[in-house]
Amino acid sequence: MKPYVAGAMAAAAVVLTALAGWALFGPPFSADAPRPAASDATAAPAAERIAGHGRALAGDARGMRYVGTEPSLARPGQGYQVTFSTADPQLARAAGDAANAARQAAWQRRFCDGELQAEMAAQGVAVVTGRVVDGQGRTQYVADCVAGGAPQQVGPGGPLL
């Protein structure tokens with residue numbers, strides 16, 4: 001077989017593979033593709049409202065500080081992570097598994113309250129995570145709030161599945 005025939009066959013195989021991928025998964029670039037969160041008209045209000053919820057929680061808690069809110073899912077406006085920090089040893093450490101489970105459950109109830117659930121439903125947000133870090137930025141505990149879901153039950157090792 002001549003080299004140019006083999007090259008032409010290889011090129012044809014690549015083109016056919018690309019067409020098959022396009023037919024199965026759609027075009028690689030689309031005018032309808034979602035824009036980044038900063039330019040999405042619905043993402044900014046949702047992010048700001050969730051950030052306001054985080055600021056209010058931090059204002060109510062002794063020793064806790066609101067750090068920021070950032071998108072956490074690929075689709076803009078679908079998920080956010082709210083970060084808090086604490087230097088208070090009572091908030092940052094628990095003596096044992098039972099104390100840690102109680103602390104985690106209390107944070108889950110406090111973070112994923114009815115106000116946040118209502119805001120998520122109004123803004124079309126799927127999940128919001130509330131993360132508390134210590135002074136070195138290490139995660140101490142986390143609460144996941146899922147739209148339309150009941151708050152998670154929490155046990156000694158984390159969420160009970």
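- In this structure, SG in C145 is found 11.5 Å from CD in E119, a value given to the nearest 0.5 Å.
- Between N100 and R103 the shortest heavy-atom distance is OD1-NH2, 2.6 Å.
- Between R55 and E48 there is a salt bridge, with a side-chain nitrogen of the basic residue lying less than 4.0 Å from a carboxylate oxygen of the acidic one.
- Minimum heavy-atom separation, Q117 to C112: NE2-SG, 3.1 Å.
- In this structure, CD1 on I50 lies 12.0 Å from CD on Q81, to the nearest 0.5 angstrom.
- The shortest heavy-atom contact between W107 and V142 is CD1-C, 3.9 Å.
- Rounded to the nearest 0.5 Å, atoms CD (Q108) and CG (D113) are 10.5 Å apart.
- The shortest non-hydrogen separation linking A46 to Y80 is CB-OH, 3.9 Å.
- No path of Ile, Leu, Val, Met, Phe, Trp and Tyr side chains, each step under 4.5 Å between heavy atoms, connects V67 with F84, placing them in separate hydrophobic clusters.
- A distance of 12.5 Å separates CZ in R49 from CG in L116, rounded to the nearest 0.5 Å.
- Taking hydrophobic clusters as Ile, Leu, Val, Met, Phe, Trp and Tyr residues chained together by side-chain heavy-atom distances below 4.5 Å, V82 shares a cluster with M64.
- Looking at every heavy atom in both residues, M120 comes nearest to V146 through CE-C, 3.9 Å.
- Rounding to the nearest 0.5 angstrom, the gap separating the CZ atom in R131 from the OG atom in S85 is 10.5 Å.
- Contact record, H53 with F111: NE2-O, 3.3 Å, taken as the closest heavy-atom pair.
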